[in-house]
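Please read the structure below before turning to the comments.
Order of the sequence lines sets the chain letters (A, B, ...), proteins ahead of strands, with each chain counted from 1. What you are looking at is a predicted structure, and each value in this text was computed from that prediction instead of being measured.
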Protein chains: 2
Amino acid sequence: MEFRQLRYFIAVAETGSISAASRQVNVAQPALTRQVRLLEEDLGTRLLERHARGVSLTVAGQALYDEAVQLLDTRTRIRTRLASLGQGLIGKVSLGVTVTHLWVPEVASLLRRYRDRYPQVAFEVFPLLSGPQLERLREGSLDAGILYLDGGE
Amino acid sequence: MEFRQLRYFIAVAETGSISAASRQVNVAQPALTRQVRLLEEDLGTRLLERHARGVSLTVAGQALYDEAVQLLDTRTRIRTRLASLGQGLIGKVSLGVTVTHLWVPEVASLLRRYRDRYPQVAFEVFPLLSGPQLERLREGSLDAGILYLDGGE
DNA sequence: TTCTCTTACGGGGGGCGTAACGATG
DNA sequence: CATCGTTACGCCCCCCGTAAGAGAA
């Protein structure tokens with residue numbers, strides 16, 4: 001069972017015809033015949049009833065159609081979500097800030113501007129001393145920190 | 001995004017290493033490097049951070065991992081469901097029966113035995129005269145019928 | 001005869017494996 | 001130097017398109 005086969009099968013199910021489906025998905029008609037057959041062999045189940053005029057779905061075919069539509073929808077949903085995540089438009093940032101810096105106006109306005117620009121990014125701000133921040137940055141539980149650094153770090 | 005790529009990626013995510021994953025899925029290690037790279041290009045997102053010792057997931061990678069597990073689970077669920085459906089172990093049967101035949105003991109016991117044998121098959125029994133049954137059998141809204149037939153049918 | 005699905009066959013893209021390379025602790 | 005990920009390259013499978021075949025209205 002491959003996404004491509006499901007896409008073809010959905011077209012066949014919705015048009016009630018392998019020929020019509022082949023035009024819809026821009027693939028030669030024998031290719032669809034073959035992929036549907038392979039899908040049936042893979043699932044061990046007849047999915048279509050072939051008539052002289054087009055095809056109709058078996059019970060199993062109807063069930064697969066419903067599932068396949070959901071499956072492809074899920075795939076596009078994942079795509080869009082990952083695209084946003086990858087661009088940093090959504091996500092989560094864990095930020096350490098020393099207590100003293102929390103009250104610095106520049107820091108507060110920086111956070112505010114970031115929130116305005118990327119409203120889908122969740123912020124977790126941890127008030128922490130510089131030492132613990134460094135430790136958590138190293139172990140990855142913080143993404144960034146505003147803190148005092150010794151010269152050597 | 002293909003099922004195969006998701007399967008590979010899940011193995012990589014769970015082992016934290018492309019090499020280890022390649023042994024787990026019985027595929028040469030460069031093939032996994034390539035498929036993961038193709039998956040990243042396809043989604044337009046970095047999924048892994050490569051270190052000298054293995055790999056770790058980016059935020060997008062973690063998100064994809066969760067979704068991918070569900071997606072593959074869904075696929076196997078569909079497989080098993082369709083397998084049962086294809087064997088007639090579950091499904092629905094629409095049956096027409098003439099009112100007179102409903103009271104024939106043989107008919108009642110036939111239905112009872114069928115129900116016992118295939119408890120997952122839902123029955124819809126329609127009390128119908130022979131004429132309407134024939135009509136609905138032809139249009140497909142009935143799967144079978146118990147009725148009187150003229151000689152020519 | 002026409003519309004449909006199926007079968008046959010040859011070409012091409014892509015996935016995989018082997019081998020060589022690069023980087024890091 | 002051992003281990004891991006990447007790059008290079010050739011083979012082969014499989015998907016596709018074209019062409020021909022079969023069956024039903």
Cluster question for you: counting only ILVMFWY and a side-chain heavy-atom cut-off of under 4.5 Å, with indirect links fine, are Leu38(A) and Ile78(B) together? no

Can you measure Arg4(A) atom CZ to dG14(C) atom P for me and round it to whole angstrom units? 12 Å

Taking atom CG as the centre, does Leu110(B) end up with more than 12 heavy-atom neighbours from other residues, nucleotides or ligands that are less than 6.0 angstrom away? yes

Answer with base, sugar-phosphate or nothing: what part of the nucleic acid does Leu38(B) contact at a heavy-atom distance below 4.0 Å? sugar-phosphate

Below 4.0 Å: OP1/OP2 of dC15(D) and any side-chain N or O of Tyr8(A): no

Which parts of residues 17-27 of chain A get close to DNA chain C, meaning a heavy atom less than 4.0 angstrom away? Ser17(A), Ile18(A), Ser19(A)

Atom CG of Leu39(A) and atom P of dC5(C) are separated, to the nearest Å, by 16 Å

Side-chain N or O of Arg50(A) closer than 4.0 Å to phosphate OP1/OP2 of dT6(C): yes

No-hydrogen, no-angle side-chain donor-acceptor test under 3.5 Å, Thr33(B) and Gln29(B): yes

Quick one: Arg7(B) CZ to dG15(C) P, roughly how many Å, whole number? 14 Å

Compare the minimum distances between each of dG5(D), dC15(D), dC5(C) and the side chain of Gln35(A), then state the nucleotide with the smallest one. dC15(D)

The reported gap from CG in Leu95(B) to CD in Gln133(B) (rounded to nearest 0.5 angstrom) is 7.5 Å

Find the distance Asp42(A):CG to dC14(D):C1' and express it as a whole number of Å. 15 Å

Any side-chain N or O of Thr33(A) less than 4.0 Å from the OP1 or OP2 oxygen of dC5(C)? no

If I take atom CZ in residue Arg37(B) and atom C1' in nucleotide dG15(C), what distance separates them, rounded to the nearest angstrom? 16 Å

Which residue is it: Val12(A), Val36(A), Thr15(A)? I am looking for the one with a side-chain contact (heavy atoms from CB on, under 4.5 Å) to Val55(A). Val12(A)

Check whether any side-chain heavy atom of Leu6(A) sits under 4.5 Å from a side-chain heavy atom of Leu64(A), and report yes or no. yes

Please state how far atom CD in Glu40(B) lies from atom C1' in dG5(D), giving the value in whole angstrom units. 12 Å

Please determine whether residues Val107(B) and Tyr148(B) belong to a single hydrophobic cluster, defined as Ile, Leu, Val, Met, Phe, Trp and Tyr linked transitively by side-chain heavy-atom distances below 4.5 Å. no

Looking at every heavy atom in both Phe3(A) and Met1(B), which two are closest together, and how far apart are they? CD1-O, 3.3 Å

Greater than 12 external heavy atoms within 6.0 Å of Arg136(A)'s CZ: no

Does the protein touch nucleotides 18-25 of chain C at the base, only the backbone, or not at all? Give it as B, S and - per nucleotide, heavy atoms under 4.0 Å. BB----S-

Starting from P on dG5(D), measure out to CG on Leu47(B) and report it in whole angstrom. 15 Å

In this structure, how many angstroms lie between the P atom of dT6(C) and the CD atom of Glu49(A), rounded? 13 Å

